[in-house]
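Note that this is a predicted model, so its numbers are computed, not measured. Quick note on labels: first sequence line is chain A, next is B, and so on, each numbered from 1.
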Amino acid sequence: MNERIKILRQKSLDEIPCISLERAEIVTETYQKYEGTVSIPVLRALVFKELMEKKTICINEGELIVGERGPSPKSTPTYPELCCHTLEDLEIINSREKISFKVHDKERKIQAEKIIPYWEKRAIRSKIFKEMSREWKECYESGVFTEFMEQRAPGHTVADDKIYKKGFLDFKKDIEQELEKIDYLNDIDAYDKKEELNAMLICADAIIKFAQRHSELAKEMAKLEKDEKRKAELFRIAEVCENVPANAPRNFWEALQAYWFVHLGVITELNTWDSFCPGRLDQHLYSFYKNDIENGILTEDEAKELLELFWIKFNNQPAPPKVGVTLKESGTYTDFCNINNGGLKIDGSDGVNELSYLILDVIDEMRLLQPSSNIQLSRKNPDKFLKKACEIISKGWGQPSVFNADSVVEELLRQGKSIEDARCGGTSGCVETGAFGKEAYILTGYINLVKILEITLNNGVDPRRGVKIGIETGDPRNFKTFEELFNAYKKQLHHFIDIKIKGNNIIEKLYSKYMPSPFLSIIISDCIKNGKDYNSGGARYNTNYIQGVGIGTLTDSLSSIKYHVYDNKNISMDELLDALACNFEGKEIIRQMLLNKTPKYGNDNDYADNIMQDAFNAYFNEVNGRKTIRGGVYRINMLPTTCHVYFGSVTGATPDGRKAWQPQSEGISPVQGADRLGPTSVIKSAAKMDHIRTGGTLLNQKFSPELVKNGEGIEKLAHLIRAYFKMDGHHIQFNVVNAQTLKKAQKKS
Amino acid sequence: MYLRIAGGGDSLKKGIVFNIQRYSIHDGPGIRTTVFLKGCPLNCLWCHNPESKRKSREIFFYKNRCLKCGMCIAICPQNALSIENNGIKTDNKKCIFCGRCAAVCNTNAREIVGVEMTDDELMKEIKKDCIFYEESGGGVTFSGGEPLYQYEFLKLMLKRCKLAGIHTVLDTCGFVSEEALIGISDYVDLFLYDIKLMDDDKHKKYTGVSNVLILNNLNKLDELQKKIFIRIPIIPGINDDENIEMTGKFLNKLKSIEKVCLLPYHKIALDKYKRLNLDYNLADTEEPTEEKMEQIAAVFKQYVKDVVIGG
């Protein structure tokens, strides 16, 4: 890492996140000016235009890739059209211990006087909570599920290679062509198409203008600059911003800057989940890298420096402040941009190139919260590539995570994507599979599978709130067999998924109607061709996910009931339910039996693992294949972010011996401490899940530094990963920490 | 001979196993499953698996886990257990290690060490990680105790593993009859051969047996050109003196030694001694420093090409 990077990296780390209401003010003024006089897509485009033209811009000292979302690094905008914060919200955001943002008095005043009066009832969040049924609200209150779109927009997508091949002037031509093709005589959607395409045109001009403003600023700064070297750099910045993203990038530097403007466009237009992501960065940049090196206009060191400067830009944009349940399910500053490295090329051949290795160096050196990074590992990728990633993993800061590129392709093929689109796909956010640049794959919320078992055990009642939110499936004390219990659970699951999807259908319509995203739609195929917005099903592929949480806790709980109540009759259902009701108070011996004398998931034990498969299949069958109103299909994935902690906090004691309000298991990882036979057993158990039928699973594995302290240990780690992927495992991430460090960290928090 | 002990009754089809460690990465190439067979003819002062010494079952008692619920006392057919101030007391004269106390102990404070397993049962466990062996060039390692102490069972297991195409490693102290060692050597892909001390008097003093048989056997394996890694525990104050030079010189004469692994003494086993209610004689011995280990490795490097510290 050179001196420039050291300084800028440290600055980014030290910067304290704060709230900026500049965006909120511009948005509000634009709505006040145009609302009712133009169509909604055009209104949204005008909002984008005003933002791109008016927002404060800056070029930070020493940087080469330019542009911030807010007026300065980590100065974070709000999105009142989605979520209108109350003054109380702002106070909480300002003063909470974790994930806080400074809120100045000036901002509070603007919020009170300008923002709240206009947006209080208009914001999507207000509309959603107004529209949701009583039963939906009861479930939400009980913590049966969360709702991703209640304060952030759908998003959940990733760029492909088109922005490196075309500039926005080219996209404009494409849009104009589609405008000309509209059949006003026969096409009932003709008007909607026209408005959407016109909105896209406005957005294309706006992003070009935004880049030009940076170009002009760079020129002005260059004129005043005394240092000759920096002066030259500023002129170069001006030149780059003059060309991209209006035109296709001509070199490595321009390619990075082109992406960055697009990134800022997407995350300024709306507060999209998982921000945005360049996806397969090594694939996209390689031709530029190779050309520039061959032509002698770029050295490897310069490429690395540009990449590291690019990295810092991500870290300057914390996820916009979240409140309520959304904060609990995703309690982090990271906005889940997850850079993909390696994998396959479009023709199915090995995608690893020199740049893939250079990017690994960057990952190793930067160690920033953002962006996240992963390798997409195919059986076709060289071992050398995996080994290098494992060396970084062994250093113990959790990255890069490792994905199975071959499984990702198979998952996408199962969902009906073309083989080319599948190979150019990858994973984003935490572990979500997507056809990059061509798919809207929307995560709609987490579902608390363990809570649903708790409600089953209480005949439809949530014992925490004493409210009946499920259906009456019978008093479990009267169930003669485990199958009766499991059938009751499946009925409850069906009931809750119905409620969730009924809500989703309304929320999706609200976004389609009120919150189109014409800028994002330009760059996701085939929104232009279809003349249809990303939020209305314009993308080539449309998928909705519901993310299952707590499969480990659920499996172990079911295993406990089967083993102790039905198979071995160590305890009656009545005794078990009593013990759960009193949170094992005075029943420690029973709890210890549940903890220690039960076949548990994560030990390569078929008794437990078969139950996991049944629980997985029940969930899969309930969700997979249901239709979405955007013309897409529902799928499942198994990931929690931090939701297993929130879901744990609303779930009472469980039959696996877990005490009330404690976290549930994470992703598809076993319950903490339940796996007692080492990593191969965990992997064998986890691989018994059919990963190919998901859109992503998350397996976190804690690893003692002792196991990877030398080259041999690192090599064995690589073999462990290859073996998991041979069994179709989707993702694995290693936290290399020793028990003492963990204990210390727990004490601190 | 010690080995004959394993000859009678049902021991051909059943072994007594005290641990099966999966993802074992220090006991041979690749990812391995290490099967620990119980019973050892040596009695090394520094033994880090004290539960491996006796061939019969034992019971670990984890005092900190005990809730003093008394279920073990109630179920004990021998009345060997009683409650006292700090937990449960076992009358070793009465206990027949039937294991019923461990079965009813919900906190696993009482744990049976040494489970009888048939060859089928053990094969099933070993085969569980085949995919990892194949991927990494790993396999199974038999360790102990002294695995050859259960000669017939070990031989059967080794044969079955070879039939199943699984790479085999034998971790042995070498204190066995030559015929036994040769008897299994066709089914062993790699020997991890332990050498502790060259001076026979000291060997007798610290391990309870003479080293003559051990060194002769090593010579024999070497003549047969078996693949061998030598493993030497480095115990400060016991074998880290002129013994290093002597061992190096001895090994220098052999031809089949591929590697020497120096295993620094550690105190991890202390808790195990407590669980077995045994005294630990090396409580005051310090673990060797990294520097010291490097020095010792440098001495060995004069005599053997490949010297590593650790597994």
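Contact annotation for Leu67(B): only side-chain heavy atoms (C-beta onward) come within less than 4.5 Å of a heavy atom of chain A. Looking at Leu707(A), the atoms closer than 4.5 Å to chain B (heavy atoms on both sides) sit in the backbone and in the side chain alike.
Chain B forms more heavy-atom pairs under 4.5 Å with one residue of Asn596(A), Asp604(A), Thr680(A), Leu594(A) than with any other, namely Thr680(A).
Here the straight-line distance linking atom CD of Glu712(A) with atom NE2 of His26(B) works out to 8.5 Å at 0.5 Å rounding. One finds the CG atom of Leu717(A) at 12.0 Å from the OG atom of Ser136(B) (value rounded to the nearest 0.5 Å). Separation of atoms CG (Asn106(B)) and CD (Glu588(A)) is listed at 10.0 Å; rounding is to 0.5 Å. Taken from CD1 in Ile309(B) to CG in Asn710(A), the straight-line distance is 11.0 Å, to the nearest 0.5 Å. In this structure, CD1 on Ile131(B) lies 13.0 Å from CZ on Arg722(A), to the nearest 0.5 angstrom. To the nearest 0.5 angstrom, Asn605(A) atom CG is 6.5 Å from Lys128(B) atom NZ.
Counting heavy atoms of neighbouring residues, nucleotides and ligands inside a 6.0 Å radius, atom CZ of Arg100(B) does not exceed 12 of them. Heavy-atom contacts from other residues, nucleotides or ligands closer than 6.0 Å to CD of Glu585(A) number 12 or fewer. The environment of NZ in Lys162(B) is crowded: more than 12 heavy-atom neighbours from other residues, nucleotides or ligands sit within 6.0 Å. For Glu290(B), the CD atom sits in a loose shell: 12 or fewer heavy atoms of surrounding residues, nucleotides or ligands are nearer than 6.0 Å. Around atom CG of Asn277(B), no more than 12 heavy atoms belonging to other residues, nucleotides or ligands sit under 6.0 Å away. The local environment of NZ in Lys726(A) is crowded, with over 12 non-hydrogen atoms from other residues, nucleotides or ligands closer than 6.0 Å. Dense packing is recorded around NZ of Lys395(A), with more than 12 heavy atoms of other residues, nucleotides or ligands lying under 6.0 Å away.
Counting heavy atoms from C-beta on, the side chains of Leu677(A) and Tyr23(B) never come closer than 4.5 Å. At a threshold of 4.5 Å between non-hydrogen side-chain atoms, the residues Met71(B) and Ile589(A) count as touching. By the 4.5 Å heavy-atom criterion applied to side chains, Arg32(B) and Lys716(A) are not counted as neighbours. The side-chain heavy atoms of Asn108(B) and Lys597(A), taken from C-beta on, include a pair separated by under 4.5 Å.
Closest of all the heavy-atom pairs between Asn603(A) and Arg22(B) is O-NH1, 4.3 Å. The heavy-atom pair separating Glu135(B) from His719(A) by the smallest distance is O-ND1, 3.2 Å.
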